[in-house]
Amino acid sequence: MEPDFLNAFTQPAALNQLLAENVIAQGEKKKLIKPTSSNNPKLEELKLLLIDWINTTLKEEHIVVRSLEEDLYDGLVLHHLLENLGSIKLDVDKIALTEKKQRQKLSVILEAVAKCLQLEESQLKWSVESIFTKDLLSTLHLLVAIAKHFKPSLAMPPNVQVETVTIENTSRGLKTANAVEYITENKENLEAQPKDDAFDELFSRAPDKLDAVKKVFLQFVNQHVGKLGLNVKNVESEFADGVILLLLIGQLEGYFLNLRDFFLTPASTMEMLHNVNLALDLLTDGGLLNFSVNSEDIVNGDMKATMRILYSLYSKYKTKET
């Protein structure tokens with residue numbers, strides 16, 4: 001067992017209980033809400049709101065939900081909810097009694113959700129397995145996404161966040177990574193996000209000039225990471241894992257980043273988010289970031305968000321010699 005595993009929780013009792021409840025097989029990885037977040041009042045408020053919303057929506061069908069984890073895992077409630085909210089007709093049985101049929105039903109339902117919400121697989125914060133195994137974090141993400149799409153007027157509490165721990169059972173023992181994850185929108189970040197700035201104008205009114213701007217940024221980036229033997233060709237995808245961004249910041253700011261502080265070859269979204277969050281922290285500490293950025297936008301390849309970050313570096317270091 002790696003020594004940092006014991007730091008994943010504030011109390012050993014909570015650690016032992018969580019491991020007892022979640023058997024993690026060799027080679028498997030799970031992300032869980034840490035026990036320290038279980039008494040978060042805003043989390044409880046969100047859970048109660050979602051339960052009330054589901055029950056109100058399905059009142060005429062005499063469906064009553066008491067627990068998000070226990071009552072949604074088999075797909076029955078989700079099936080009724082989607083048909084009621086979006087008039088979506090799903091080619092599945094109303095009631096699935098066996099585990100195999102329940103998983104098949106969930107697969108069809110979640111595929112319909114992704115299609116309706118126009119989400120790519122990389123953007124999904126849930127899966128058939130996580131919902132079926134009654135994972136609260138995944139269930140909350142799924143319901144919040146459905147509610148935002150079909151019921152945008154639903155007043156969900158903003159800035160609901162939880163502490164999470166990702167536990168991976170490797171051949172060398174249990175490996176963990178801690179993070180803070182938002183379930184509802186971070187309104188503070190949204191309010192601080194620049195509105196109608198030069199990039200909004202560029203994307204909406206002068207898309208024909210986008211390639212020229214990207215070319216300038218790529219020349220700037222390669223001028224500085226080229227000495228590391230790197231050559232960046234794509235603004236949309238090559239900054240998503242945070243590695244190039246971190247190396248670029250190190251080159252420009254003149255310091256060496258310890259390889260233990262970030263993932264040089266990130267193998268998961270969690271590791272990519274860690275890298276991007278570290279880069280944003282470095283930019284903030286260096287006074288280079290005067291607006292808020294959602295790290296998930298960078299990981300998801302949001303070009304406008306990525307270009308804003310690159311411009312914050314370009315505007316200060318465009319005359320810096322290699």
Side-chain angles (χ1 to χ4, degrees), residues 22 24-25 27-33 43 46-47 49-58 61 63-152 154 156 160 162 164 166-168 179 181-185 267-270 272-273 296-297 299-302:
N22 295 274
I24 302 175
E28 186 180 6
K29 180 189 293 186
K30 283 187 179 181
K31 180 164 66 172
L32 307 165
I33 296 177
L43 178 62
L46 176 63
K47 289 166 65 177
L49 176 75
L50 291 171
I51 288 174
D52 182 67
W53 168 62
I54 294 171
N55 289 337
T56 301
T57 303
L58 301 181
E61 300 181 49
I63 290 177
V64 178
V65 170
R66 293 185 173 84
S67 166
L68 296 180
E69 307 100 296
E70 296 294 333
D71 295 339
L72 274 77
Y73 79 96
D74 62 359
L76 175 64
V77 173
L78 289 171
H79 186 179
H80 282 273
L81 190 63
L82 287 176
E83 287 195 337
N84 188 290
L85 291 170
S87 299
I88 299 173
K89 298 301 178 184
L90 299 170
D91 188 21
V92 291
D93 295 331
K94 285 288 184 182
I95 299 176
L97 297 178
T98 66
E99 179 179 322
K100 181 179 179 180
K101 287 188 176 295
Q102 288 170 348
R103 287 179 182 273
Q104 290 174 341
K105 180 174 182 174
L106 259 183
S107 180
V108 172
I109 290 171
L110 296 185
E111 185 176 342
V113 170
K115 184 177 181 180
C116 186
L117 273 57
Q118 298 183 332
L119 295 174
E120 300 293 334
E121 187 175 351
S122 62
Q123 296 174 292
L124 301 179
K125 298 179 180 179
W126 58 83
S127 66
V128 172
E129 184 63 25
S130 63
I131 300 298
F132 190 77
T133 54
K134 307 177 183 180
D135 178 75
L136 177 60
L137 183 62
S138 296
T139 303
L140 286 170
H141 277 308
L142 173 63
L143 290 175
V144 167
I146 293 173
K148 283 173 62 179
H149 182 80
F150 290 107
K151 189 71 172 178
L154 187 65
M156 287 184 284
V160 177
V162 293
T164 66
T166 300
I167 308 174
E168 183 178 7
E181 185 164 331
Y182 279 93
I183 299 175
T184 60
E185 290 178 331
S268 67
T269 301
M270 176 67 70
M272 293 165 70
L273 282 170
E296 293 184 1
D297 288 342
V299 171
N300 290 332
D302 185 305

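Residue numbers count from 1 along this sequence.
- Electrostatic pairing of R103 and E99 counts as a salt bridge here, judged by a charged N lying under 4.0 Å from a carboxylate O.
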- Query: Under the side-chain contact (heavy atoms from CB on, under 4.5 Å) criterion, do D135 and L32 qualify, and how do the steps go?
  - Reply: CA-CA 8 Å; D135 178 75; L32 307 165; 4.0 Å; yes

- Message: Please determine whether side-chain contact (heavy atoms from CB on, under 4.5 Å) holds for the pair L81 and I63, giving the CA-CA distance in whole Å, both sets of side-chain angles, and the decisive distance to 0.1 Å.
- Response: CA-CA 10 Å; L81 190 63; I63 290 177; over 6 Å; no

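- Remark: side-chain polar atoms of T56 are paired, donor with acceptor, to backbone N or O of D52 under 3.5 angstrom.
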- Item | Residues M270, T164; criterion side-chain contact (heavy atoms from CB on, under 4.5 Å); working and verdict | CA-CA 10 Å; M270 176 67 70; T164 66; 4.2 Å; yes

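- A donor-acceptor contact shorter than 3.5 Å is absent between the side chain of N84 and the backbone of H80.
- Note on E181 versus K31: salt bridge recorded, some NZ/NE/NH1/NH2 to OD/OE distance being below 4.0 Å.
- Taking each heavy atom of V162 and L43 in turn, the nearest pair found is CG1-CD2, 3.9 Å.
- Between Y73 and I131, the closest heavy-atom pair is CB-O, 3.3 Å.
- Checked by atom type and distance alone, the side chain of Q123 pairs as donor or acceptor with a backbone atom of E120 at under 3.5 Å.
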- Query: Passes side-chain contact (heavy atoms from CB on, under 4.5 Å), D71 versus V64? Steps please.
  - Reply: CA-CA 9 Å; D71 295 339; V64 178; over 6 Å; no

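- The two atoms that bring T139 and L68 nearest to each other are CG2-O, 3.8 Å, heavy atoms only.
- Judged by distance alone, with hydrogens and angles left aside, the side-chain atoms of D74 form no donor-acceptor pair with the main-chain N or O of Q102 at under 3.5 Å.
- Here the closest non-hydrogen pair linking W126 and A145 is CH2-CB, 3.8 Å.
- Minimum heavy-atom separation, K105 to G75: CE-O, 3.8 Å.
- The two residues L106 and V128 have their closest heavy-atom pair at CD1-O, 3.9 Å.
- Crowding of E111 atom CD: a count of heavy atoms from other residues, nucleotides or ligands under 6.0 Å not exceeding 12.
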